Every structure is written in structure tokens, then in C-alpha cells.
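Okay, so here's the structure we're looking at.
Small disclaimer: the values here were computed from a predicted structure and weren't measured. Sequence positions, counted from 1, serve as the residue numbers for this chain. When a ligand or atom number is given, it counts from 1 through the structure's own listing order.
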Amino acid sequence: MTKPIQAIRGMNDLLPDAAQRWRRIEQQVIGVLGAYGYREIRLPIVEQTELYRRSIGEVTDIVEKEMYSFADRNGDNLTLRPEGTAGCVRAGIENGLLYNQIQRLWYCGPMFRHERPQKGRYRQFHQVGVEAFGMSGPEIDAELVLMTARLWRALGLTDIALEINTLGTPHSRAGYRTRLVDYFESHQAAFDDDSRRRLTTNPLRILDSKNPALSGLIAAAPSLLDHIDDESRAHFERLKTLLDGAGLRYRVNPRLVRGLDYYTRTVFEWVSSQLGAQATVCAGGRYDGLVEQLGGKPTPAAGFAIGLERLVEICGLSQATSPTDAPVQVYVTMLGERAEREGLALAEALRDRGLAVLCNSDGGALKNQLKRADRSGATFAVLLGEDECQNGLASVKNLRADEAQQQLSQAALGAYLRRRLGLDPA
Ligand code: ATP
Ligand code: MG
């Protein structure tokens, strides 16, 4: 026997029950985004590696060690997208969507990062991402946060908390950076390799470390909030006023820095206490410098990404039972060559009338066909044999109630089933 090939570690199959749950949740997400005027954009899954180097930044987990990069047959350096913002900005610039315009966009799909797989952390994972371009004020930051809050309500999630912070501008961060390096340098003994490296390359990222051994050190570090510029401070104050006005609860977390380099001013995360170590369901913020950094005209921007694996997980925890897809409504059993031929056409006619129909295939005794019909979840079975075909008739059996089998003309079948299924008035 040949050994079966297995999926790649950290890349999951979504079997039909799971896929159905996912689709339902995605549709709810999309519905809420649509209610705020956000429109879908579909983007390639592969981009030039250079795009991520230039946007995410060299000294980040993603670019340093998580990208799936390869040379294609032309020798071009390509990367499976690790996140969606860079590609969205690239597309916006390339298609003239950004300059002097307001855009509210979303996308949804797989992202790839070569991380250590564990619960809530995979190598292929999925995000719904939202990007808003052309608006520099805190109102759009507030809109993004309110939109996610509405989404959690729509999904029945209550155990999810908002944390916000401001990163100021790159300029105001520079002064803070010096203070932070001074502080960390006097405590280097506790450092892990990553942090030691970052001390010279990107010390702010140390604040984002997941290493529990560093948490005390990080908690006592000087606060970025004490060092940001006045305009960023005013922006942040206004954002808090807007959130207060909307009755939204949040916690200012001065250690919240986000993993990616391109953030400016507002950053936020939604954190669930039901997820263990990988608790962030949604993360976002403002990235005013990115469009210019990627060769566009200066364009303010803000956005967020929701990790769908984590969202689906907490939706499952909060909703004990979830309804299943609408099952098929009708199962057509067929006995004999003629019935098999005419049955396919009959099923097509029923589908033309808007019914969900499953056709028996691979024959079998009527008893077996009816067993399959029962398992399919259909409400009615349509029985077709030589006799029925000869007379243009079909028999109908209610699979869910004890009632006499009906025989009626094939022409009347669609209308009858629609009535019986409550799709048309009796
Ligand atoms: P973390 O700090 O957990 O590594 P991150 O800062 O790398 O997160 P982002 O790039 O901001 O995460 O991605 C936004 C969201 O996407 C995360 O909050 C999370 O919900 C989800 N996410 C990120 N990486 C993964 C992954 N490897 N597997 C599953 N979901 C992920
Ligand atoms: Mg990460």
C-alpha cells in the first residue's frame, strides 16, 4: 500500500460541518461591514517579497522568520501573503484608489506564516481585514472600533475586551526609543535572544514580547504615553471621548505596541479571555506612513484584521448549539434504467422551481435508497419506477411524518412539493 500524503503542519482542512460554521460567521461579519459602507476587494495571495520587506519591516517576526518565500520559475522572489494590508495598499496605489479619495475596503482569505503551530496559531490561517483610506481624524479610528463591537454583539460574544493605545508619530517615538534602550540596557540579564537582538534593531518590539520571563521588566518600562507628541495626544484624547460617547468600554494599555512596524498613533486589540495564550481576536490601528512608504502619495489610513480561527473558536464556545445548513428538501429514488434517466431530468425540473434536490446514484434496492434518503435530511422522497415513468407519474413519500404515500403527475410535482414544504401558500 502506498503511504497517504498528509497535510502540511499548521495547515488545516475545514470539513463540511466546520466550513458551514465558518461561512455563517463570515457572512455575519460581511453583513456588519456592509452596514458601515465597506466594500470588498479581492487581492492576490502571492506578492513580491519586496512588498513585505518594505511595509512590514525587516526587524519583525514576520519578515525575519515567518514568511513563505520562494523563487518562481522566472527567478522572481515571491511570498505567500502573511497579512493583507500591504497587498491592499499596493493594489490601491496601483489602481489609483487612494490619492485624494476616501475608501472603505475589506477582504477575507488565507494568510501564511511559518510559526510554531499551536492552538490559535497556524501556518495557514484566515483573516477578515478592513482598511479605511483618506481619513486622518480619530472619527474613523472610532468607527473601526464601533464596527467590531457591533460585530461581537451580532455574534453573541460578550467575553471580549478592548485595549487601546497610541504610538505617536515615528518622530516622537524616536525620543522614547532612546529612553527605552537605556532602561532595557540596565536589565539585559533577563533577556532572551530575540530581545537582545531587538535592543539594537527595534527596541519597541520588546514590549510586544510573549516571553513571560520578561513581563515584569516590560511592565516597569517607561511608558510611551509619556513621550508622544501633542498632536498624537490630542488625537488619542478625542478617540477616547468618542468611544466614551458611544458607551464603549476599553482599557488603555500603554504596553500595546503591535507586531508590525507601520503603525502610527492609534493601535487597538480585542482580547478574549476564552482563548488562552493566543487571546487576540482582532488587532488594528492607524498606519499613516505606509502608503507613502510603498510609493504612493501621502494618505492617512487605518484598519484592522480579525483572526478567523480564533473568532470561530470563541463563537463555538458561546453558542452551545448552532443550526445546521438548510438540508436538501427532496430525495429522488430511481428504480430501473428508464427511471434513472428520467429521474435526472425530473430532479432538474424541481431545482428549476427552487427546490434543493438530491438524486440517488449507484442504484440499490428501494429499501436502501430510502435509507439514504432518510440520512440526507430530506423531507420528501420522490419515488420513480418503471410504472410511474410509463404514466408520467411520481410517488411522494413523506420521510418525516407518517402519512399515506401520494401519487401525482410529474407535471404537478413541483407545485405540490413547494406547497407541502411551506414555500408556497396552501
Ligand atoms: P501575535 O502577536 O498573536 O503573533 P500578530 O501581531 O502577529 O499576533 P497580526 O499580524 O496583527 O497578529 O494579525 C491579526 C490577527 O490575526 C491576530 O490578532 C490573530 O487573531 C490573527 N493571527 C495572526 N497570526 C496568526 C496565526 N499564525 N494563526 C492564527 N491566527 C493568527
Ligand atoms: Mg505574530
Side-chain angles (χ1 to χ4, degrees), residues 8-12 14 18 22 25-26 29 52 55-57 59-68 79-89 106-131 144-145 148 151-152 155 157 160-165 167 194-195 198 202 204-212 214-215 218 253 255-263 266-287 290 301-315:
I8 297 167
R9 207 163 99 83
M11 303 202 179
N12 301 314
L14 280 183
W22 274 66
I25 290 169
E26 282 164 6
V29 176
Y52 301 114
S55 58
I56 297 169
V59 197
T60 55
D61 283 346
I62 292 180
V63 173
E64 277 181 343
K65 53 192 183 192
E66 294 175 0
M67 291 202 300
Y68 278 92
T79 294
L80 297 186
R81 64 181 184 193
E83 53 96 52
T85 302
C88 188
V89 170
W106 66 264
Y107 49 82
C108 174
M111 307 292 161
F112 302 84
R113 298 184 194 176
H114 197 275
E115 306 197 58
R116 190 171 68 78
Q118 54 197 286
K119 191 169 149 52
R121 195 176 287 287
Y122 308 99
R123 291 183 172 172
Q124 174 174 329
F125 63 100
H126 299 77
Q127 289 182 337
V128 172
V130 167
E131 319 290 352
L144 294 173
V145 170
T148 44
L151 179 57
W152 314 144
L155 292 167
L157 302 176
I160 184 162
L162 175 62
E163 299 192 351
I164 61 173
N165 191 23
L167 300 180
D194 268 351
S195 305
R198 283 182 181 145
N202 191 350
L204 255 73
R205 293 288 328 282
I206 300 172
L207 299 176
D208 195 30
S209 168
K210 308 280 186 299
N211 183 349
L214 295 181
S215 62
I218 289 168
N253 175 0
R255 314 289 161 209
L256 184 66
V257 292
R258 308 289 311 113
L260 312 183
D261 271 0
Y262 53 58
Y263 286 102
T266 311
V267 286
F268 66 89
E269 288 193 3
W270 285 95
V271 182
S272 165
S273 58
Q274 299 175 298
L275 284 173
Q278 320 306 333
T280 304
V281 179
C282 169
R286 177 166 283 285
Y287 51 96
L290 182 60
F304 63 78
I306 297 171
L308 279 174
E309 278 77 6
R310 297 182 195 177
L311 180 63
V312 169
E313 169 81 13
I314 55 173
C315 284

(message) Less than 4.0 Å is my threshold; does some heavy atom of Arg121 fall inside it relative to ligand 1?
(response) yes
(message) Whether Arg205 and Asp194 form a salt bridge (side-chain N of Lys/Arg under 4.0 Å from carboxylate O of Asp/Glu) is what I want to check.
(response) no
(message) Does any part of the side chain of Cys282, heavy atoms only, come nearer than 4.5 Å to the side chain of Glu269, both counted from C-beta?
(response) no
(message) If we set the cut-off at 4.0 Å for heavy atoms, which region of Val281 has an atom near ligand 1: side chain, backbone, both, or neither?
(response) backbone
(request) Measure from atom 13 (O) of ligand 1 to every heavy atom in Glu66, Lys119, Gln127, Arg310 and give the option owning the shortest one. (result) Gln127
(request) Could you tell me which residues satisfy side chain to side chain contact (heavy atoms under 4.5 Å, CB included) with Ala301, sequence neighbours excluded, listed by chain and number? (result) Phe133, Tyr287
(request) Compare Glu83, Arg113, Met111 and give the one whose heavy atom is closest to atom 10 (O) of ligand 1. (result) Arg113
(message) Can you confirm, on distance only, whether ligand 1 has an N/O atom lying under 3.5 Å from any N/O atom belonging to Glu115?
(response) yes
(request) Using the test side-chain hydrogen bond (donor to acceptor under 3.5 Å, both in side chains), find all partners of Tyr107 that sit at least two apart in sequence or belong to another chain. (result) Glu131
(request) Determine the sole option in Glu313, Glu309, Gln278 for which the side chain to side chain donor-acceptor pair (under 3.5 Å) test with Lys119 is passed. (result) Glu313
